[in-house]
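Inspection log for the structure reproduced underneath, given as structure tokens.
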Amino acid sequence: MIFYIILMITVLFFLLLLIKEIFKKRFKKEFCVLCAAVSLTWITLLFLYWLGIFNDKTIIALLMGMSILGVFYLVENKVKERLTLFRLPFLLTLILIGYFLLNYSVVKGLVFVLVIWILFIFIYIYRNNSNVNRFFNKLLECC
């Protein structure tokens with residue numbers, strides 16, 4: 001099965017590369033052909049999984065993980081530096097969404113991620129406090 005999935009990604013890669021070249025004047029923003037090929041592959045496999053036609057959650061999860069990290073880095077590069085404080089809650093949220101798409105059961109994870117968001121929002125709001133500011137700066141410097 002993995003051969004066909006790798007083949008699908010490869011075919012989509014070259015097809016999307018061709019489409020991007022043909023319509024480059026119509027696209028206002030550039031897009032990553034490789035990212036799109038991987039995303040379209042796991043989205044297709046996810047629908048087939050939901051329909052009971054495909055049952056290998058491992059490959060779907062691997063491809064989803066690639067997209068999750070791609071979205072994470074894309075957003076991280078676009079936000080102001082002080083908002084990178086939210087790296088952890090944002091990444092945990094993306095992971096939770098991916099897990100939900102495959103398993104539907106995320107109640108405990110959702111509660112935990114909400115608590116993390118609240119904690120980080122609290123740190124962000126009080127970042128000018130000298131004690132909180134040291135921790136805030138450590139969080140910004142984590143990566």
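Atom set for the values below is all heavy atoms of this structure, side chains included, hydrogens, waters and symmetry mates excluded. Starting from 1, each residue takes its place in the sequence as its number.
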| Flag side-chain contact, heavy atom, 4.5 Å: Met66 against Leu63 | yes

| Donor-acceptor contact present, side-chain Asn129 to main-chain Asn131, <3.5 Å | yes

| Leu119, Ile121: one ILVMFWY side-chain cluster at the under-4.5 Å cut-off? | yes

| Step by step, would you call Glu76 with Phe90 a side chain to side chain contact (heavy atoms under 4.5 Å, CB included)? | CA-CA 10 Å; Glu76 183 183 45; Phe90 181 61; over 6 Å; no

| Expected output: side-chain Arg127 to main-chain Asn137 donor-acceptor under 3.5 Å | no

| message | Within this structure, what is the OG1-CE distance for the pair Thr44 and Met8, rounded to the nearest 0.5 Å? | response | 3.5 Å

| message | Rounded at 0.5 Å granularity, tell me how far CG in Leu46 sits from CD1 in Ile60. | response | 5.5 Å

| request: Using the rule that two of Ile, Leu, Val, Met, Phe, Trp, Tyr join whenever any of their side-chain heavy atoms come within less than 4.5 Å, decide whether Ile125 and Ile116 are in one cluster. | output: yes

| Same apolar cluster (I L V M F W Y, side chains within < 4.5 Å links), Val113/Leu102 | yes

| request: Find out if a path of hydrophobic residues (ILVMFWY) with successive side-chain heavy-atom gaps under 4.5 Å connects Leu18 to Phe23. | output: yes

| query | If you measure from OH on Tyr104 to CH2 on Trp50, what distance do you get to the nearest 0.5 Å? | reply | 5.5 Å

| request: With side chain to side chain contact (heavy atoms under 4.5 Å, CB included) as the test, would you mind laying out the steps for Val79 and Phe86 before giving the verdict? | output: CA-CA 10 Å; Val79 300; Phe86 297 103; over 6 Å; no

| field | Nearest atoms (heavy-atom pairs only) where Leu16 meets Ala36 | value | CD1-CB, 3.6 Å

| query | Does some side-chain heavy atom of Tyr99 sit less than 4.5 Å from a side-chain heavy atom of Met64? | reply | no

| query | Taking atom CG of Leu40 and atom OG of Ser67, what is their separation to the nearest 0.5 Å? | reply | 9.0 Å

| request: Measure the spacing between CG of Leu110 and OG1 of Thr93 and express it to the nearest 0.5 Å. | output: 8.5 Å

| note | In this structure, CD1 of Ile123 is separated from CD1 of Ile118 (nearest 0.5 Å) by 12.5 Å

| task | Let me see the working for Leu91 and Ile68 under side chain to side chain contact (heavy atoms under 4.5 Å, CB included), right down to the final yes or no. | result | CA-CA 8 Å; Leu91 182 61; Ile68 286 169; 4.0 Å; yes

| field | Ring-face cation contact, Phe31 with Lys20, 6.0 Å cut, 45° max | value | yes

| query | In terms of hydrophobic clustering (I, L, V, M, F, W, Y; side-chain heavy atoms under 4.5 Å; direct or indirect links), are Ile53 and Leu45 co-clustered? | reply | yes

| said: Looking at every non-hydrogen atom in both residues, tell me the closest pair between Tyr49 and Lys57 and how far apart they are. | reply: OH-CD, 2.9 Å

| Can Leu83 and Tyr124 be said to form a side chain to side chain contact (heavy atoms under 4.5 Å, CB included), step by step? | CA-CA 8 Å; Leu83 293 178; Tyr124 184 78; 3.9 Å; yes

